[in-house]
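Below, each value reflects all heavy atoms present in this structure, side chains not excepted, and no hydrogens, waters or symmetry copies. To find a chain, count down the sequence lines: A is the first, B the second, and so on, and within it residues start at 1.
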2 protein chains.
Amino acid sequence: MVTALAALAHEHRLAAYRLLVEAGPPGVAAGEIAARLGLAASSLTFHIQALLRAGLVTQRRASRHVIYAADFTAMNDFIGFLVQNCCGQGAVACTPCAPPQTNLNQAQSA
Amino acid sequence: MVTALAALAHEHRLAAYRLLVEAGPPGVAAGEIAARLGLAASSLTFHIQALLRAGLVTQRRASRHVIYAADFTAMNDFIGFLVQNCCGQGAVACTPCAPPQTNLNQAQSA
DNA sequence: TCCTCATTTCGATAATCATGGAAACATCAA
DNA sequence: TTGATGTTTCCATGATTATCGAAATGAGGA
């Protein structure tokens, strides 16, 4: 869990992650993330690998591009951990992290 | 928020914070935290100041001791931020972070 | 094959973080 | 005041992180 915390504990990585959350399952190509964040390509790789190692994002290839996408299940687990371990009172997590509906005709519910 | 994430993104600091969550409002003295974590006093100060700067813990003096306690409101805000910004779907936070009932006859409900 | 585009790996550099010992500071009790 | 205890500040050291340019890798297209 420290890995996930550390992964998000940086301005650029948190921004990258939020970008991916907004984008949902279609994800965003590495180059575009770098451009939007104003980072050199190699720096983006450095940061996004921290997110990848923490399991917070997934990676897939689409022809020449490498597409990254937020892993909503991992975020649920992450928040669940915080609620269970860093709140008193035996608090129960009820965080319905789920991808936004970018396009209603894209079925991706299972 | 990056400050809070970074504050928790270290083995020793996360352990210290969890200790304070368990202890609740009575809190724990600096020396005892250091002892339980197996840290030099100066190292503990270094770490706990990160938590303090992030607003996750409070500090008070009790005679010679300096007592640290978890700030549950801050943790609620922190988790609220994560849910709102790092989950898709406009998820709503419902995290009831509250101190554990260590002693039922200690009134501390506001 | 050769060229181009997209991304990652490598290397160097500067900055920040983590650690604990020693000294200083604060509080209380004789 | 002196002494004991608890905590923080200061300092030096080693480790890790963040950055980007240059070179290498991978994947298409002509």
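- Among the protein residues, B:A41 comes within range of the nucleic acid bases, having at least one heavy atom under 4.0 Å from a base atom.
- A:F46 and A:V28 fall into different hydrophobic clusters, where Ile, Leu, Val, Met, Phe, Trp and Tyr are joined by side-chain heavy atoms under 4.5 Å apart, directly or via other members.
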Inset, instruction - In sequence, state the C-alpha distance, the side-chain angles, and the governing distance for A:C87 and B:I79, and then conclude on side chain to side chain contact (heavy atoms under 4.5 Å, CB included). - result: CA-CA 10 Å; A:C87 286; B:I79 294 178; 3.8 Å; yes
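- The phosphate of D:dA18 has neither OP1 nor OP2 within less than 4.0 Å of any side-chain N or O from A:S43.
- Toward the 5' end of DNA chain C, the nearer of the two residues B:A62 and A:V66, judged by each one's closest nucleotide, is A:V66.
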Inset, instruction - For the pair B:S63 and B:H65, evaluate side chain to side chain contact (heavy atoms under 4.5 Å, CB included) and give the outcome as yes or no after the intermediate values. - result: CA-CA 6 Å; B:S63 100; B:H65 300 268; 4.2 Å; yes
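- The phosphate of D:dT19 (OP1 or OP2) has a side-chain N or O of A:H47 nearer than 4.0 angstrom.
- Considering only side-chain N and O atoms, B:Y68 lies under 4.0 angstrom from the phosphate OP1 or OP2 of D:dT8.
- In this structure, NE2 of B:H65 is placed 17 Å from P of D:dA4, rounded to the nearest angstrom.
- With salt bridges taken as basic N to acidic carboxylate O contacts below 4.0 Å, none links A:E22 and A:R18.
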Inset, instruction - Under the side chain to side chain contact (heavy atoms under 4.5 Å, CB included) rule, what do B:R60 and B:Y68 come out as? Steps first, then yes or no, please. - result: CA-CA 7 Å; B:R60 72 175 197 277; B:Y68 291 94; over 6 Å; no
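- A:R61 has its CZ atom 5 Å from the P atom of D:dA27, to the nearest Å.
- Taking both residues in full, the closest heavy atoms of B:A69 and B:P25 are given as CB-O, 4.0 Å, listed atom of the first, atom of the second, then distance.
- Between the C1' atom of D:dT25 and the CZ atom of A:R64 lies a distance of 14 Å, rounded to the nearest Å.
- Within 4.0 Å of A:A34, counting heavy atoms only, lies no atom of the nucleic acid at all.
- Residue contacts for A:S63: at a heavy-atom cut-off of 4.0 Å it reaches the sugar-phosphate backbone alone, with no base atom in range.
- Taking every nucleotide of DNA chain C with any atom under 4.0 Å from a non-hydrogen atom of chain B, the first and last of them, 5' to 3', are C:dC17 to C:dC28.
- As a whole-Å value, the separation of B:I67 CD1 from D:dT7 P is 7 Å.
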Inset, instruction - Carefully, step by step, assess B:L51 and B:L8 under the rule side chain to side chain contact (heavy atoms under 4.5 Å, CB included). - result: CA-CA 7 Å; B:L51 293 170; B:L8 293 172; 4.0 Å; yes
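- Atom CD1 in A:I48 sits about 17 Å away from atom C1' in D:dT17, given to the nearest Å.
- In this model, the phosphate group of D:dT7 is not approached by any side-chain N or O of B:Q59 to a distance below 4.0 Å at OP1 or OP2.
- Within a 6.0 Å radius of CD in A:Q59, other residues, nucleotides and ligands contribute more than 12 heavy atoms.
- Using a 4.0 Å cutoff on non-hydrogen atoms, no part of residues 1-16 of chain A comes near DNA chain C.
- Linking Ile, Leu, Val, Met, Phe, Trp and Tyr whenever their side-chain heavy atoms come within less than 4.5 Å leaves B:V21 and B:I67 in two separate clusters.
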